[in-house]
Amino acid sequence: MKNAAMTAASPAPVASLPLPDLVALKARQQGAWASGDYAVVGTTLQIVGETLCEALDLRAGERVLDVAAGNGNATLAAARRWAVVTSTDYVPALLERGRARAEADGLTVAFQTADAEALPFETDAFDVVLSTFGVMFTPNQDQAAEELLRVCRPAGRIGMANWTPDGFIGQLFRTMGQHLPPPPGVLSPASWGTEARLNALFSSAGTVATQRKVFTFRYRSPDHWLEVFRTWYGPVRKAFTALPDEGQAALSQDLLELIGRFNRATDGTMVVPSDYLEVIVTRP
């Protein structure tokens, strides 16, 4: 009886949220990015790669790795500065777009398919590691950060451009999440656009410096932006294809309202500033 009473008085175990299946999530993400053609959007972001390379004071001859490079904006920016560049992504078709751009500009770049969470390179192999709006989308954020640090040599630099939660793209993903909620337990990619998360990921292994910057999306009209993103930008494309017709209409309306809140154009075009963090991590 004593044991029974003690058992009855014991608190019930607290239910915990199931851990997300990061492997399955990564597969879905890879499929999403491959389903469209990020290069259609990515090409417009070239200035971010150029600005990041200047902020890093990139030098000719430095060994540079571009992680989750997409169609190669930071890759090309580094190659234009005579760095020795390796460009990686887990979507081979995007690397081919980067390769075509490099060949057109007469730039020498090595391209290699690679997972940002398991980079196939030696420890301390690179002087500079880059990622513009790329590594922030990895499901296992801690593992990805560890890999960036591992392949960057002591006294080397890691440079990133990450969308902020309160900027236009951060709010874009928040809006999509209201229509298609993300799996429980998965951190938002936009957390990489906060100093708190960056310090948690990198401050124990380096010095983290951030600067808030703005990229401006310029399109013919809000409807033009919506057409481009739902056709070519993988995550938006996948969101629309996962919804029934009425859900697609509701998402379209919400995205156009989001643009309306940010749009500073008054002539029918779209001129939308989107905040991002320019990040430089310096290894000791």
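Residue Phe126 is grouped with residue Val135 when hydrophobic side chains (ILVMFWY) are merged at heavy-atom distances under 4.5 angstrom, including chains of intermediate members. Linking ILVMFWY residues whenever their side-chain heavy atoms come closer than 4.5 Å, directly or via other members, places Met160 and Ile169 in the same cluster. By the criterion of side-chain heavy atoms lying less than 4.5 angstrom apart, applied directly or through intervening Ile, Leu, Val, Met, Phe, Trp or Tyr residues, Leu201 is not grouped with Leu52; the two fall into different hydrophobic clusters. Two different hydrophobic clusters hold Val64 and Leu94 under the rule that ILVMFWY side chains link at heavy-atom gaps under 4.5 Å. Taking hydrophobic clusters as Ile, Leu, Val, Met, Phe, Trp and Tyr residues chained together by side-chain heavy-atom distances below 4.5 Å, Val128 does not share a cluster with Leu277.
Not a single ring pair (Phe, Tyr, Trp, His ring centres under 6.0 Å) links His179 to another residue, sequence neighbours left out.
Residues Phe137 and Phe173 bring their aromatic ring centres within 6.0 Å. Taking the six-membered ring for Trp and the full ring otherwise, Phe133 and Trp163 have centroids separated by under 6.0 Å.
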Under 3.5 Å, sequence neighbours excluded: what are the donor-acceptor pairs made by side chains of residues 148-159?
residue: Arg150; atom: NE; partner: Glu147; partner atom: OE2; Å: 2.8
residue: Arg150; atom: NH1; partner: Phe121; partner atom: O; Å: 2.8
residue: Arg150; atom: NH1; partner: Thr123; partner atom: OG1; Å: 3.4
residue: Arg150; atom: NH2; partner: Leu119; partner atom: O; Å: 2.9
residue: Arg150; atom: NH2; partner: Phe121; partner atom: O; Å: 3.2
residue: Arg150; atom: NH2; partner: Glu147; partner atom: OE1; Å: 3.1
residue: Arg153; atom: NE; partner: Asp127; partner atom: OD1; Å: 2.5
residue: Arg157; atom: NH1; partner: Glu62; partner atom: OE2; Å: 2.7
residue: Arg157; atom: NH2; partner: Leu56; partner atom: O; Å: 2.9
residue: Arg157; atom: NH2; partner: Glu62; partner atom: OE1; Å: 3.1

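Residues Met176 and Ala239 share a closest heavy-atom pair of SD-CB, 4.0 Å. Heavy-atom minimum distance, Thr138 versus Ala144: OG1-CB, 3.4 Å. Closest approach of Ala79 to Val109, counting heavy atoms only: CB-CG2, 3.8 Å. Closest of all the heavy-atom pairs between Pro284 and Gly206 is CD-CA, 3.9 Å. Annotation for Ala161 and Val48: closest pair CB-CG1, 3.6 Å, computed over non-hydrogen atoms. When every heavy atom of Val85 is checked against every heavy atom of Ala78, the shortest pair comes out as CG2-CB, 3.7 Å.
Taking 4.5 Å as the limit, every side-chain heavy atom of Thr241 sits out of range of all side-chain heavy atoms of Gln248. Two residues are said to be in side-chain contact when any heavy atoms from C-beta on lie closer than 4.5 Å; Val228 and Leu226 fail this criterion. Looking at Glu146 and Glu117, their side chains never come closer than 4.5 Å, going by heavy atoms from C-beta outward. Looking only at side-chain heavy atoms (C-beta outward), Leu172 and Val236 come within less than 4.5 Å of each other. When side chains are defined from C-beta on, Arg220 does not count as touching Thr269, because their heavy atoms never get closer than 4.5 Å. Proximity of Asn263 to Val271: side-chain heavy atoms (C-beta onward) are separated by under 4.5 Å at one or more points. Taking 4.5 Å as the limit, some side-chain heavy atom of Thr113 sits within range of a side-chain heavy atom of Leu95. No side-chain heavy atom of Val214 sits under 4.5 Å from any side-chain heavy atom of Tyr276.
Electrostatic pairing of Arg174 and Asp166 does not count as a salt bridge here, judged by no charged N lying under 4.0 Å from a carboxylate O. Under a 4.0 Å N-O distance rule, the pair Glu195/Arg212 does not qualify as a salt bridge.
Panel note: side chain Ser131, backbone Val67; a donor-acceptor pair is recorded below 3.5 Å. Side chain of Thr164 to main chain of Asp275: a donor-acceptor pair is present (N/O by atom type, distance under 3.5 Å, no hydrogens or angles). Looking only at distances, a side-chain donor or acceptor of Gln171 sits under 3.5 Å from a matching main-chain atom of Pro165. At distances below 3.5 Å, not a single donor-acceptor pair connects side-chain atoms of Thr210 with backbone N or O atoms of Glu278. For the pair Arg59 (side chain) and Asp57 (backbone), a donor-acceptor distance under 3.5 Å is present. No donor-acceptor distance shorter than 3.5 angstrom exists from the side chain of Ser203 to the backbone of Ala200, with no hydrogens or angles considered. Not a single donor-acceptor pair under 3.5 Å links the side chain of Asp105 to the backbone N or O of Leu107. In this structure, Arg81 contributes its side chain and Ala77 its backbone to a donor-acceptor pair below 3.5 Å.
From Ile47, atom CD1 reaches atom CG of Leu45 across 10.0 Å, with rounding to the nearest 0.5 Å. Between Lys213 atom NZ and Asn162 atom CG the span is 13.5 Å, to the nearest 0.5 Å. To the nearest 0.5 angstrom, Thr175 atom OG1 is 9.5 Å from Glu257 atom CD. Considering CG of Asp142 and CG of Asn140, their distance stands at 6.0 Å, rounded to 0.5 Å. A distance of 11.5 Å separates CD in Gln253 from CG in Leu258, rounded to the nearest 0.5 Å. In this structure, Arg99 CZ and Glu103 CD are separated by 7.0 Å, a value rounded to the nearest 0.5 Å.
Side-chain atoms of Gln112 and Ser87 include no donor-acceptor pair closer than 3.5 Å. The closest side-chain donor-acceptor pair between Arg101 and Asn73 falls under 3.5 angstrom.
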> Would Gln141 and Met136 satisfy side-chain contact (heavy atoms from CB on, under 4.5 Å), going step by step from the backbone distance to the final call?
Replying inline: CA-CA 7 Å; Gln141 298 185 359; Met136 64 180 289; over 6 Å; no
>> Does Asp89 form a salt bridge (Lys or Arg N to Asp or Glu O under 4.0 Å) with Arg97? I'd like the steps, not just the answer.
In response: CA-CA 11 Å; Asp89 201 282; Arg97 298 299 294 269; over 6 Å; no
>> Please determine whether side-chain hydrogen bond (donor to acceptor under 3.5 Å, both in side chains) holds for the pair Asn71 and Thr43, giving the CA-CA distance in whole Å, both sets of side-chain angles, and the decisive distance to 0.1 Å.
In response: CA-CA 7 Å; Asn71 65 316; Thr43 300; 3.2 Å; yes
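Environment of CD in Gln178: crowded, with over 12 heavy atoms of neighbouring residues, nucleotides or ligands closer than 6.0 Å. More than 12 heavy atoms of other residues, nucleotides or ligands sit less than 6.0 Å from atom CG of Leu187.
Note: Phe229 and Tyr233 have tilted aromatic rings, judged against thresholds of 30 and 60 degrees for the angle between ring planes.
Every pair tested for salt bridge (charged side-chain N to carboxylate O under 4.0 Å, His left out) that includes a residue from residues 222-240 fails, sequence neighbours excluded, so the list is empty.
With respect to Trp225, the ring-ring contact (aromatic ring centres under 6.0 Å, His included) criterion is satisfied by exactly one of Trp232, Phe168, Phe217, Phe262: Phe168.
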